[in-house]
Amino acid sequence: MAFIRKKPREQQLQLYSRERFSLLLLNLEEYYFEQHTANHIQHKGNRNERKIRGSLKICSKSVIFEPDAISQPIIKIPLRDCIKIGKHGENGASRHFAKAVPGGISLIFSQGTMEYVFELDVSGKVDDVVETLLQLHRASCLDKLGDQTAMITAILQSRLARTSFDKNRFQSVSETLHMECKAEMVTPLVTNPGHVCVTDTTLYFQPLNGYPTPVVQITLQDVRRIYKRRHGLMPLGLEVFCTEDDLCSDIYLKFYEPQDRDDLYFYIATYLEHHVAERSAESYTLQWQRGHLSNYQYLLHLNSLADRSCNDLSQYPVFPWVVSDYSSPELDLSNPGTFRDLSKPVGALNKERLERLLARYQEMPEPKFMYGSHYSSPGYVLFYLVRIAPEYMLCLQNGRFDNADRMFNSIAETWKNCLDGATDFKELIPEFYGDDVSFLINSLKLDLGKRQGGQMVDDVKLPPWARSPEDFLRKSREALESSYVSEHLHEWIDLVFGYKQKGGDAVGAHNVFHPLTYEGGVDLNSMEDPDEKVAVLTQILEFGQTPKQLFATPHPRRITPRFKSGSQPSSCNASTADSPERRRLTRLPLDAVSPGEESFEDLTEESRTLAWSNITKLQLYEQHRIHKEAVTGIAVSCNGSSVFTTSQDSTLKMFSKESKMLQRSISFSNMALSSCLLLPGDATVISSSWDNNVYFYSVAFGRCQDTLMGHDDAVSKICWLDSRLYSASWDSTVKVWSGVPPEMSAARRHQFDLLAELEHDVGVDTISLNAAGTLLVSGTREGTVTIWDLTTATMLHQIPCHSGTICDTAFSPDSRHVLSTGEDGCLNIIDVQTGMLISSMTSDEPQRCFIWDGNSVLSGSQSGELLIWDLLGGRSTERIRGHAGAVTCMWMNEQCSSVITGGEDRQITFWKLQY
């Protein structure tokens with residue numbers, strides 16, 4: 001069980017022999033205030049008088065006495081049922097005994113006017129204890145539950161206000177206190193009030209009652225994740241993890257004021273910025289899409305980001321049923337019929353039941369809901385986990401187990417009831433896909449009752465295809481990670497965490513639950529009636545809560561093996577034509593690659609993979625200053641001998657890599673040139689200019705062959721593929737031109753056919769094509785990325801994801817993602833199919849240009865450094881000094897072993913991988 005820390009059996013026995021008290025003995029929403037060493041005096045005044053040594057625990061609604069001897073039962077006395085409370089033998093508190101007990105407290109219980117007498121070790125505390133008990137007794141006897149809760153809360157806050165964190169608990173005298181506030185530590189079904197304290201090195205929580213330990217401490221350096229949480233639909237929770245993948249956190253805190261929670265979160269998050277990278281749902285989505293996270297790991301992360309916690313049973317992590325076959329002798333994961341339809345909620349899987357539910361829904365007054373119960377609630381969680389956590393079930397159900405026929409008896413029966421039951425729509429929990437089988441086995445030999453057929457409830461009955469509990473979990477995990485589930489899991493995510501969770505899309509998907517289960521469904525702060533507020537909180541706890549919505553647009557699908565393709569880099573020079581073989585390997589996201597094509601691998605592909613795995617070993621080996629202003633574009637001949645560059649100094653230059661000499665300098669106008677590319681055959685260089693024109697320069701004839709006057713403002717970027725030219729301009733358009741042959745003749749050409757005009761609201765600063773030439777991405781000066789379908793000249797997605805000008809954009813080699821960088825310092829990754837922003841990283845400066853392989857990025861920064869980014873890890877891993885000013889353009893060869901950069905320092909710099 002996720003929220004029970006495992007201990008060796010010997011350790012458990014030792015622990016239980018010392019202390020049997022648990023907060024689970026308290027009622028829901030009850031607090032444990034203090035304890036006193038005392039004797040319970042039985043048969044006072046009789047010959048059989050005896051003293052039982054133990055601990056007297058004062059709670060907000062009861063008094064609990066825990067004897068030291070484990071042979072003696074724990075006594076719980078509800079304060080509401082007490083007739084009299086007082087010092088023993090005073091004011092008639094004891095009517096039966098003439099002799100008072102020194103330091104004695106008398107509680108007369110209503111059932112048969114039974115009297116309990118306790119003798120405190122410290123008699124001087126009797127008056128204070130009696131006063132506290134009388135206050136709590138008055139609160140318990142109030143008629144309205146809301147009034148009871150308000151008075152107990154006032155008593156609690158008064159106690160917290162009179163105490164503070166004990167600074168002697170600091171681990172070091174050199175620690176500096178940052179903040180201190182009141183809070184409660186949350187564990188399943190109970191909360192424990194106390195004081196939170198954070199220093200420059202450690203987070204502390206000191207329980208008001210000293211239970212279960214005097215202080216809980218977490219070293220900030222050990223923290224790996226921290227999340228804000230909703231607790232009781234209020235923004236008051238904070239959960240801290242010291243592990244990366246563990247389902248169970250190290251501490252869950254509930255604050256009384258949202259500002260306290262936010263201040264502590266800000267302090268710890270600021271500390272973490274210097275030690276670990278903060279993760280978002282989008283960054284996990286990218287890792288999952290590319291196969292670096294399993295389906296199980298991804299669902300764990302989504303649950304955690306959506307406020308699901310093992311410490312809050314009303315928001316326990318939720319996992320899907322994925323298998324629908326629990327009767328076959330073998331589990332066939334190659335058969336789609338084996339699986340549940342992940343595009344529908346459990347309540348919609350049975351057509352006949354759904355029709356009945358919809359008929360009731362249509363007749364229901366507002367607010368309408370389709371399902372009278374939720375897919376995740378405390379009762380459902382403990383239904384699955386009763387064999388390993390019986391004390392939690394007993395706490396939830398007032399000391400009783402459920403009816404034997406309603407227990408978790410069989411996997412097949414449970415699935416059938418979820419399909420056919422009128423009010424059963426529950427999903428699963430992570431334990432069904434883990435490796436701990438204990439929740440399926442009655443190892444504690446619990447008496448869980450006898451079924452109507454006469455059989456005792458014992459271990460969970462497994463489907464025929466599972467040979468053992470271990471085999472069941474193993475095959476369930478294989479099903480979760482199967483190709484079918486990988487291809488359809490995004491549909492279930494849309495229902496539970498995504499855009500089909502609320503609104504019209506939820507109605508269309510038959511996915512509407514009670515309004516109280518949704519975030520924002522009720523404003524507790526606006527409720528003036530305390531009874532109503534308590535009733536709503538109780539209903540929330542019992543009914544369960546819908547996860548926080550993480551995605552507002554359709555979730556991207558996973559890249560499964562049959563969709564994977566080649567991985568050549570996309571770069572600032574991606575406009576240069578690629579070979580047909582390379583283009584064939586990188587299709588649109590939904591184009592499946594045949595087995596013959598997918599097996600096409602050559603030494604070039606191997607060298608790319610090897611080069612990107614060693615990209616941190618990039619070393620500078622030559623620099624040449626050949627321009628008078630910033631370099632804006634780089635193109636290189638196929639044999640690598642000639643380097644063509646454009647600059648804001650209005651010149652196109654041809655540099656010999658072999659002789660290290662400048663061979664030509666060409667000026668087309670007195671305006672800056674913005675980019676350049678070489679046509680196949682290396683006979684023609686095309687340059688774009690701020691004078692609104694595009695120039696065609698013949699290398700062989702040494703002159704400008706033609707000029708395309710196609711824009712009303714500066715041309716910012718050009719691309720070329722398959723005899724088509726793509727030009728972006730500050731006049732707010734991207735234009736597609738035909739009539740540009742691979743090798744232009746010596747004769748001047750004056751005819752260029754405009755095939756398409758892609759209109760934008762503002763000037764376009766950069767464009768890039770995917771390898772197949774079917775998609776184009778543009779970036780504007782106002783920070784909007786737009787993805788276009790070139791086959792129909794229509795807009796697919798428009799994503800405003802930067803504040804300020806976009807510096808560069810490029811497709812991933814498989815065309816599934818777009819990466820963009822901007823003046824705001826952000827590196828954003830967008831899913832091409834859905835248009836979702838799935839990852840965003842922030843740099844301390846703009847990244848002006850980049851090359852990437854889908855997983856790693858080599859970028860040129862404003863300061864002149866080259867940065868290497870691990871996109872899946874969400875961080876930069878290396879900085880390499882390069883230019884004296886901003887890196888403005890970048891080129892990489894096909895083998896990814898050689899890089900050329902240009903900068904504002906007027907230099908071109910040659911780099912090589914050394915490995």
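- Within the 4.5 Å cutoff, the side chain of I74 has heavy atoms near those of the E66 side chain.
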| field | S373 and D424: CA distance, side-chain angles, deciding distance, side-chain contact (heavy atoms from CB on, under 4.5 Å) verdict | value | CA-CA 7 Å; S373 64; D424 193 350; 6.0 Å; no
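- Ring-centre distance between Y211 and F21: below the 6.0 Å cut-off.
- Annotation: K125, atom NZ; neighbour count of heavy atoms from other residues, nucleotides and ligands within 6.0 Å does not exceed 12.
- For the side-chain hydrogen bond (donor to acceptor under 3.5 Å, both in side chains) criterion with Y204, the lone passing option out of Q171, K167, E175 is E175.
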| S55/Q35 under side chain to side chain donor-acceptor pair (under 3.5 Å): CA gap, chis, key distance, verdict | CA-CA 6 Å; S55 173; Q35 72 168 351; 2.7 Å; yes
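- Remark: the E427 side chain and the Y380 side chain contain no N/O donor-acceptor pair separated by less than 3.5 Å.
- Counting non-hydrogen atoms of neighbouring residues, nucleotides and ligands closer than 6.0 angstrom, the CD atom of E257 reaches no more than 12 such neighbours.
- Of all heavy-atom pairs between V186 and L253, the closest is CG2-C, 4.4 Å.
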| request: Given side-chain contact (heavy atoms from CB on, under 4.5 Å), test D458 with M456 step by step and report yes or no. | output: CA-CA 6 Å; D458 196 27; M456 296 297 295; 5.5 Å; no
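- Within a 6.0 Å sphere centred on CD of E29, other residues, nucleotides and ligands contribute 12 heavy atoms or fewer.
- Side chains of S62 and E30: a donor on one and an acceptor on the other come within 3.5 Å.
- Residues M185 and I251 are in side-chain contact: their nearest non-hydrogen atoms beyond the backbone lie under 4.5 Å apart.
- The shortest heavy-atom contact between P73 and P67 is O-CG, 3.3 Å.
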| Would Y227 and S309 satisfy side-chain contact (heavy atoms from CB on, under 4.5 Å), going step by step from the backbone distance to the final call? | CA-CA 10 Å; Y227 299 102; S309 168; over 6 Å; no
| task | Evaluate ring pair (Phe, Tyr, Trp, His ring centres under 6.0 Å) for F513 paired with Y375, printing each intermediate quantity in order. | result | CA-CA 9 Å; F513 294 86; Y375 50 76; 5.2 Å; yes
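- Contact of the K426 side chain with the V346 side chain is not registered, since no non-hydrogen atoms from C-beta on lie closer than 4.5 Å.
- Cation-pi geometry between R159 and F33 is met: the NZ or CZ atom falls under 6.0 Å from the ring centre, inside 45° of the normal.
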| field | Worked check of side-chain contact (heavy atoms from CB on, under 4.5 Å) between Q148 and R80 | value | CA-CA 11 Å; Q148 291 181 28; R80 185 181 181 89; 3.1 Å; yes
| side chain to side chain donor-acceptor pair (under 3.5 Å) between N27 and K76, intermediate numbers included | CA-CA 11 Å; N27 296 337; K76 182 177 180 181; 3.2 Å; yes
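- Separating the SG atom in C395 from the CG atom in L26 is a distance of 8.5 Å, to the nearest 0.5 Å.
- The pair D459-R387 does not meet the salt-bridge criterion, since no charged nitrogen lies less than 4.0 angstrom from a carboxylate oxygen.
- Both the sub-6.0 Å distance and the 45° axial angle are not jointly satisfied by K502 relative to the ring of Y518.
- In this structure, Y316 and L385 have side chains that are in contact, with non-hydrogen atoms separated by less than 4.5 Å.
- The residues R229 and E239 are annotated as salt-bridged, a charged nitrogen and a carboxylate oxygen being separated by less than 4.0 angstrom.
- Here the CG atom belonging to L394 is positioned 11.0 Å from the CG atom belonging to L189, to the nearest 0.5 angstrom.
- In this structure, R230 pairs ionically with D307, as a charged nitrogen and a carboxylate oxygen lie closer than 4.0 Å.
- Y267 and H178 have parallel rings, their planes meeting at less than 30° on a 0 to 90° scale where 60° marks the start of perpendicular.
- Put simply, the side chain of L25 does not reach to within 4.5 Å of the side chain of Y32, judged on heavy atoms.
- Interatomic distance, L136 CG to C141 SG, rounded to the nearest 0.5 Å: 11.0 Å.
- Contact of the F497 side chain with the N303 side chain is registered, since non-hydrogen atoms from C-beta on lie closer than 4.5 Å.
- Contact check for F432 versus F439: side-chain heavy atoms found under the 4.5 Å cut-off.
- Between L313 atom CG and T187 atom OG1 the span is 9.5 Å, to the nearest 0.5 Å.
- Of the possible donor and acceptor atoms, one in the side chain of H514 sits under 3.5 Å from a partner among the backbone N and O of L516.
- Looking at heavy atoms from C-beta onward, D250 lies out of side-chain contact with V223 at the 4.5 angstrom threshold.
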| request: Start with the C-alpha distance between Q157 and K182, add both sets of side-chain angles, then the distance that settles side chain to side chain donor-acceptor pair (under 3.5 Å), and finish with yes or no. | output: CA-CA 9 Å; Q157 292 300 320; K182 299 174 290 184; 2.9 Å; yes
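- By the 6.0 Å and 45° rule, R225 stacks over the aromatic ring of F241.
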| message | Could you go through S164 and E180, starting from their C-alpha distance and side-chain angles, then the distance that decides it, and tell me whether this counts as side chain to side chain donor-acceptor pair (under 3.5 Å)? | response | CA-CA 8 Å; S164 62; E180 179 183 347; 4.5 Å; no
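- Scanning both residues, Y252 and G237, for their nearest heavy atoms gives CE2-CA, 4.1 Å.
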